[in-house]
Amino acid sequence: MSKAEVLFISQEEEVKCGLLDMKMIMEEVEKAFVMMGKGEVKNPPKVKLGLPENHDWMTFFNSMPTWLGGEENIAGFKWAAESKYNVTENNGLPLGVDIVVLSDPHTVMPKAIMDGTIITAMRTSAVAGIAAKYLAPKGSKTACLVGAGVIGRTMVMAMMEALPELNTIYMADLKIEKCQKLAEEFKDQITIIASDSVEESVKEADVIVTATTAGKPIVLKDWITKEKVTFIQMSGYEMDLQIGLASKKYVDYYAQMMTFTDKLLYDMVENHGVKPEEITEISQLATKEKSGRQDEDGWITCMTMGMGMQDIIVANKLYKNAMEKGLGTKLTYWENPLWV
Ligand SMILES: NC(=O)c1ccc[n+]([C@@H]2O[C@H](COP(=O)([O-])OP(=O)(O)OC[C@H]3O[C@@H](n4cnc5c(N)ncnc54)[C@H](O)[C@@H]3O)[C@@H](O)[C@H]2O)c1
């Protein structure tokens, strides 16, 4: 008898398992970076299916397989998708919609199928939080967040977690009402100053984070007057080239970033003489192989495109919590495999 079951875990159940606990998510994601640094992770670069065209997409689907060894011992896959129609058609759906599958790396049997949408938002901002923890100017009190969408909300959570002295967030979006809504939502925890001007919002910031759908540089070098600033870019090309070139450079995953030929890192390396050895991966910070911001450092830019390992380690934690709490719906995968 080899009946097989798979646990389906909804977004609401994931919330009950700790999904919105940014401290926990940052710890899990940093653990994944440490494992990556120790060679305990397999995470090939994501494969992108853009429709109608890869660069000029209206919707895309990314295939993101991962294996995490050590005590995690889990294989998993995120099917990550975004739709620009969801933004323009006001259809009640987010830009990004994701699903995660967890599998046993030994038998290869699926263990769980779970919503990956908020996992993505939480882990994406957790990566920015980890970057800020290592790279932000000491005692940073002000941050500017550009983009008040789904990632913008989790970014507020991550910056509050990463920067203990943070007291003001300047938040800019084309739609100022989205910044105002977040200012109201977080008013008991932090002061958020809403604006529709990126130029005005970046001026006072020690840390500048972009998470927009702009698709072109929206933070310009000439606007930045502070000597020590950390720029963290979540979409591919939001900081202008001159900011990147004038900064010490960090990434989540160099090999993957170089597969995105229309993005900032690729442009700097291929067209502007930046050498691969000038670029540090976050995993090297997490393992302490390299140190974070030094006293003499001025501008630092960290660029991320996201990795399956970040999703899978969080999903595995939530799956374990769901098993412990008896949450999720068991689905029969098969009563007996038809052919063995
Ligand atoms: N690095 C990663 O791991 C990772 C993971 C997931 C998503 N992302 C990226 O993060 C970005 C944000 O995702 P989201 O789910 O929050 O999207 P969203 O649609 O919920 O929010 C995007 C926000 O950006 C604003 N915006 C667009 N152009 C702007 C401009 N020129 N100036 C100011 N604001 C502007 C929009 O008004 C919107 O509020 C997307 O580009 C997405 O691809 C990155």
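Keep in mind that the numbers below use all heavy atoms, side chains included, and drop hydrogens, waters and symmetry copies. Every number for a ligand or one of its atoms is a count from 1 in the order of the listing.
Minimum heavy-atom separation, Met171 to Cys179: O-SG, 3.4 Å.
Atoms OG and CG, from Ser140 and Leu163 in turn, are 5.5 Å apart once rounded to the nearest 0.5 Å.
Ion pairing between Glu72 and Lys31 holds under the 4.0 Å rule for side-chain N and carboxylate O. We find that Lys187 and Glu184 are joined by a salt bridge, their nearest charged nitrogen and carboxylate oxygen being less than 4.0 Å apart.
Counting heavy atoms from C-beta on, the side chains of Val229 and Lys226 come closer than 4.5 Å. Two residues are said to be in side-chain contact when any heavy atoms from C-beta on lie closer than 4.5 Å; Met157 and Met122 meet this criterion.
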Would you mind writing out a table of all protein N or O atoms found under 3.5 Å from any N or O atom of ligand 1, naming both atoms and giving the distance to 0.1 Å?
{"unit_1": "ligand 1", "atom_1": "1 (N)", "unit_2": "Met234", "atom_2": "O", "d": "2.8"}
{"unit_1": "ligand 1", "atom_1": "1 (N)", "unit_2": "Thr304", "atom_2": "O", "d": "3.4"}
{"unit_1": "ligand 1", "atom_1": "1 (N)", "unit_2": "Thr304", "atom_2": "OG1", "d": "3.0"}
{"unit_1": "ligand 1", "atom_1": "3 (O)", "unit_2": "Arg123", "atom_2": "NH1", "d": "2.8"}
{"unit_1": "ligand 1", "atom_1": "3 (O)", "unit_2": "Gly306", "atom_2": "N", "d": "3.3"}
{"unit_1": "ligand 1", "atom_1": "16 (O)", "unit_2": "Val150", "atom_2": "N", "d": "3.2"}
{"unit_1": "ligand 1", "atom_1": "16 (O)", "unit_2": "Ile151", "atom_2": "N", "d": "2.8"}
{"unit_1": "ligand 1", "atom_1": "20 (O)", "unit_2": "Val150", "atom_2": "N", "d": "3.0"}
{"unit_1": "ligand 1", "atom_1": "34 (N)", "unit_2": "Leu174", "atom_2": "N", "d": "3.4"}
{"unit_1": "ligand 1", "atom_1": "37 (O)", "unit_2": "Asp173", "atom_2": "OD1", "d": "2.6"}
{"unit_1": "ligand 1", "atom_1": "39 (O)", "unit_2": "Asp173", "atom_2": "OD1", "d": "3.3"}
{"unit_1": "ligand 1", "atom_1": "39 (O)", "unit_2": "Asp173", "atom_2": "OD2", "d": "2.6"}
{"unit_1": "ligand 1", "atom_1": "39 (O)", "unit_2": "Lys178", "atom_2": "NZ", "d": "2.8"}
{"unit_1": "ligand 1", "atom_1": "41 (O)", "unit_2": "Thr212", "atom_2": "O", "d": "2.7"}
{"unit_1": "ligand 1", "atom_1": "41 (O)", "unit_2": "Ser235", "atom_2": "OG", "d": "2.9"}
{"unit_1": "ligand 1", "atom_1": "43 (O)", "unit_2": "Glu82", "atom_2": "OE1", "d": "3.2"}
{"unit_1": "ligand 1", "atom_1": "43 (O)", "unit_2": "Glu82", "atom_2": "OE2", "d": "2.8"}

